[in-house]
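Worksheet: one structure, shown below.
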Amino acid sequence: MQHTSEEDDSKARLVSYLLNPEVAYNPDQPVNWEALEADTSLWNLYQEVELPLSAILREMEQIGVRVDVPMLKQAEAKLNNELQTIEQQIYTSVGMTFNINSPKQVGEVLFDQLQLDDKAKKSKTGQYSTSEEVLLALKPKHPVVGLILEYRELKKLISTYISALPNYINPTTGKIHTTYNQTVTATGRLSSSNPNLQNLPIRSERGQLIRQAVIPDEGCLFLSADYSQIELRLMAHFSQDPHLVQAFLSGQDIHAATAAKIFNVSIEEVTKEQRRQAKTANFGIIYGISPFGLAQQLDCSRSEAKALIDGYFAAFPGVIDYIEKQKELARQQGYAVTLFGRKRYLPDILSHNATVRSFAERNAVNSPIQGTAADIIKMAMVTIHRRLKEEGLKAQMIMQVHDELNFNVPLNEVDKVREIVVSEMQHVVHLTVPLIADCGVGSNWLQDH
DNA sequence: AACCTCACG
DNA sequence: ACGTACGTGAGGTTC
């Protein structure tokens with residue numbers, strides 16, 4: 001008869017995850033300690049990072065996050081009114097009622113009834129796509145399209161966030177207690193669920209209302225620190241490309257510096273459009289760029305996208321060398337690996353299906369970058385937690401959002417905690433380029449940015 | 001349960 | 001010729 005405690009089970013989960021993050025954990029299988037110990041890096045990640053982090057995450061979950069419920073209720077009433085107005089405008093605009101929440105019905109209204117696009121693309125299930133991208137392209141053709149977009153934005157904010165979040169408040173603590181999943185992602189990142197606090201709106205103006213409702217405890221301020229461009233800095237470190245490294249060493253605006261190199265102009269001469277393209281290209285590089293993907297993102301032709309990529313690699317030759325090296329390494333080893341030895345197996349890297357193989361190749365480029373960033377912030381969380389404890393501070397780490405950490409900080413501790421958080425984040429590992437953490441303090445999450 | 005859509009890094 | 005940007009989780013509809 002096996003007697004496995006919850007603690008043993010969570011350790012077994014971590015071991016299984018480190019050995020192969022994409023294989024589902026099976027509690028009936030014995031823990032393969034030998035395999036873990038045989039890999040010095042994985043063993044180290046287990047001992048020094050994941051195991052201590054596990055306790056920290058449970059603590060963060062228990063502490064919870066405070067939310068301004070009256071503010072959310074007020075926003076809900078207001079946005080619900082707007083939603084109803086838009087709903088009526090939509091029905092009037094097309095001369096009939098239908099379920100706007102149904103992509104199927106929206107597609108039939110736009111393409112069968114209003115005939116807004118003869119060659120509308122259908123998915124493999126025979127449905128028209130009515131994604132935001134498609135709707136934006138259709139917007140000039142009929143006033144209902146813009147209304148549907150606005151309806152969607154409001155509906156998303158209300159149903160996923162504004163009306164949902166108060167239901168997660170624990171009546172005993174009065175706070176929201178998310179679950180941080182430590183063994184879910186393929187790359188080593190955390191995820192957050194019930195509710196997901198890692199995807200609260202920030203980009204849209206209306207969405208910012210929700211961040212304003214995330215507040216510190218009584219007598220505390222909300223402190224937020226995030227890594228600046230950590231993934232691009234890792235690309236600079238890994239590739240050792242002289243120009244990319246130099247741009248970070250001299251503290252330049254990285255997207256403007258990239259544009260200057262690609263378009264061969266001085267950094268002062270870079271136009272907004274050039275900077276935008278360079279920024280998109282930088283993201284593309286981290287994702288494992290393809291002309292198609294970049295073209296779609298920039299809304300330009302594939303040949304234009306290819307020219308931009310060629311320009312990028314001409315300007316940063318170390319980057320293309322690094323990308324090719326990563327693909328080759330994955331073919332040889334069968335997995336991609338982070339700076340600290342976290343693995344992601346890529347069996348499809350040798351596939352004869354070009355689509356499948358290309359996916360694995362992009363993973364071979366992206367996983368070490370995304371995964372190393374995850375390793376780094378996890379290590380920072382461990383050292384920050386330790387220092388807060390050692391120095392007898394009452395400040396609490398309460399959230400992690402991939403490249404950002406958030407804290408409840410008593411007023412009199414703000415200066416000290418800011419110094420600790422920023423210096424631990426910046427110095428937890430030393431790379432060819434500096435790691436920079438920006439920090440803000442305020443009376444809600446939005447103010448910190 | 002699968003699909004579509006969309007929120008975040 | 002094909003079908004693609006990387007990683008997640010949640011709400012709503014459809015089957």
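Not measured: the values here are computed from a predicted model. Numbers restart at 1 for each chain; the letters A, B, ... are given by sequence-line order, proteins then strands. As a basis for the values below, the full set of heavy atoms in this structure was taken, side chains included, without hydrogen atoms, waters or symmetry mates.
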Under 4.0 Å, counting only non-hydrogen atoms across every strand here, what does A:Leu157 touch: a base, just sugar-phosphate, or nothing?
nothing
Classify A:Ser192 by what it touches in the nucleic acid, base, sugar-phosphate, or nothing, heavy-atom distance under 4.0 Å.
sugar-phosphate
Using a 4.0 Å heavy-atom cut-off across all strands, classify A:Phe359 as base, sugar-phosphate, or nothing.
sugar-phosphate
Would you mind classifying the nucleic acid contact of A:Arg357 as base, sugar-phosphate or nothing, using non-hydrogen atoms under 4.0 angstrom?
nothing
Distance in Å, A:Ser191 OG paired with A:Asn196 CG, rounded so as to fall on 0.5 Å steps
7.5 Å
For the backbone of A:Asp226 and the side chain of A:Asp403, can you confirm whether one donor and one acceptor N or O come within less than 3.5 Å of each other?
no
How would you label the contact of A:Leu294 with the nucleic acid (heavy atoms, under 4.0 Å): base, sugar-phosphate, or nothing?
base
Using whole Å, report how far CD1 of A:Ile285 lies from P of C:dT4.
21 Å
Under 4.0 angstrom, heavy atoms only, what part of the nucleic acid is A:Gly284 near: base, sugar-phosphate, or nothing?
base
Criterion salt bridge (Lys or Arg N to Asp or Glu O under 4.0 Å) on A:Lys306 and A:Asp310, from CA distance to verdict
CA-CA 6 Å; A:Lys306 188 175 179 307; A:Asp310 291 344; 3.0 Å; yes
Side chains of A:Arg13 and A:Thr183: do they bring a donor and an acceptor to under 3.5 Å?
no
Positional range of nucleotides in DNA chain B within the contact set of chain A, heavy-atom, under 4.0 Å
B:dC3 to B:dG9
Taking 4.0 Å as the cut-off, does a side-chain nitrogen or oxygen of A:Asn199 come that near to OP1 or OP2 on C:dG9?
no
Would one find a side-chain N or O of A:Asn194 under 4.0 angstrom from OP1 or OP2 of C:dG9?
no
Where A:Asp438 and A:Ser228 come nearest, the two heavy atoms and their spacing:
OD2-CB, 3.7 Å
Heavy-atom closest pair, residues A:Ile100 and A:Ile90:
CD1-CD1, 3.7 Å
Indicate, with a heavy-atom threshold strictly under 4.0 Å, whether A:Val184 touches base, sugar-phosphate, or nothing.
sugar-phosphate
If we take the C1' atom in both B:dC6 and C:dC2, what is their distance in whole Å?
27 Å
Mind checking if A:Asp226 touches a base, just sugar-phosphate, or nothing, with heavy atoms under 4.0 Å?
nothing
Length of the line joining A:Leu154:CG and C:dG11:P, which is rounded to integer Å
17 Å
Measure from the side chain of A:Arg302, starting at C-beta and using heavy atoms only, and say which of C:dG9, C:dG3, C:dG7 lies closest.
C:dG3
Under 4.0 Å between any heavy atoms, over every strand shown, what does A:Gln105 touch: base, sugar-phosphate, or nothing? Just pick one.
sugar-phosphate
Using a 4.0 Å heavy-atom cut-off, does A:Glu231 contact any base of the nucleic acid, only the sugar-phosphate backbone, or nothing at all?
nothing
If you look at every strand shown and take non-hydrogen atoms under 4.0 Å, does A:Ile369 touch a base, only sugar-phosphate, or nothing?
nothing
Under a plain distance cut-off of 3.5 Å, with no hydrogens placed, do A:Asp112 and A:Tyr128 share a side-chain donor-acceptor pair?
yes
Whole angstrom value for the distance that separates C1' of C:dT13 from CG of A:Asn101
8 Å
CG of A:Asn181 versus P of C:dG9: gap in Å, rounded?
6 Å
Selection from C:dC2, C:dG11, C:dT14 that lies nearest to any side-chain heavy atom of A:Thr355:
C:dC2
So does A:Ser358 get a side-chain nitrogen or oxygen closer than 4.0 Å to the phosphate oxygens (OP1/OP2) of C:dT4?
no
N or O in side chain of A:Arg362 less than 4.0 angstrom from C:dC6 OP1/OP2:
yes
Side-chain contact check for A:Asn196: nearest option of C:dA5, C:dG9, C:dT13 is C:dG9
Provide, to the nearest angstrom, the distance between the OH atom belonging to A:Tyr287 and the C1' atom belonging to C:dA5.
8 Å
Anything under 30° is parallel, anything over 60° is perpendicular, the rest tilted; go ahead and classify A:Trp445 against A:Phe222.
tilted
C:dG7 C1' sits how many Å from A:Gln400 CD, rounded?
13 Å
Nearest whole Å is fine: how far is C:dT8 P from A:Met399 CE?
21 Å
Hey, does A:Leu18 have a side-chain heavy atom less than 4.5 Å from the side chain of A:Val15?
no
Comparing A:Thr160 with A:Lys124, nearest DNA chain C nucleotide closer to 5' gives the residue A:Lys124
How far, in whole Å, is C:dG3 from B:dC3 if one measures between their P atoms?
16 Å
In terms of side-chain heavy atoms of A:Lys156, which of C:dG3, C:dT13, C:dG9 is nearest?
C:dG9
Where do A:Glu59 and A:Gln396 land on the side-chain hydrogen bond (donor to acceptor under 3.5 Å, both in side chains) test, with the steps shown first?
CA-CA 9 Å; A:Glu59 193 184 314; A:Gln396 301 165 319; over 6 Å; no
Any strand is fair game: report the nucleotide pairing with C:dA1 by Watson-Crick or G-U wobble, both distances under 3.5 Å, or none.
none
If you look at every strand shown and take non-hydrogen atoms under 4.0 Å, does A:Ala186 touch a base, only sugar-phosphate, or nothing?
sugar-phosphate
Checking all strands, does A:Thr179 fall into the base, sugar-phosphate, or nothing category for heavy-atom contacts under 4.0 angstrom?
nothing
Just checking A:Arg203: base, sugar-phosphate only, or nothing, at a heavy-atom cut-off of under 4.0 Å?
base
I need the CD-C1' distance between A:Gln296 and C:dC6, as an integer number of Å.
14 Å
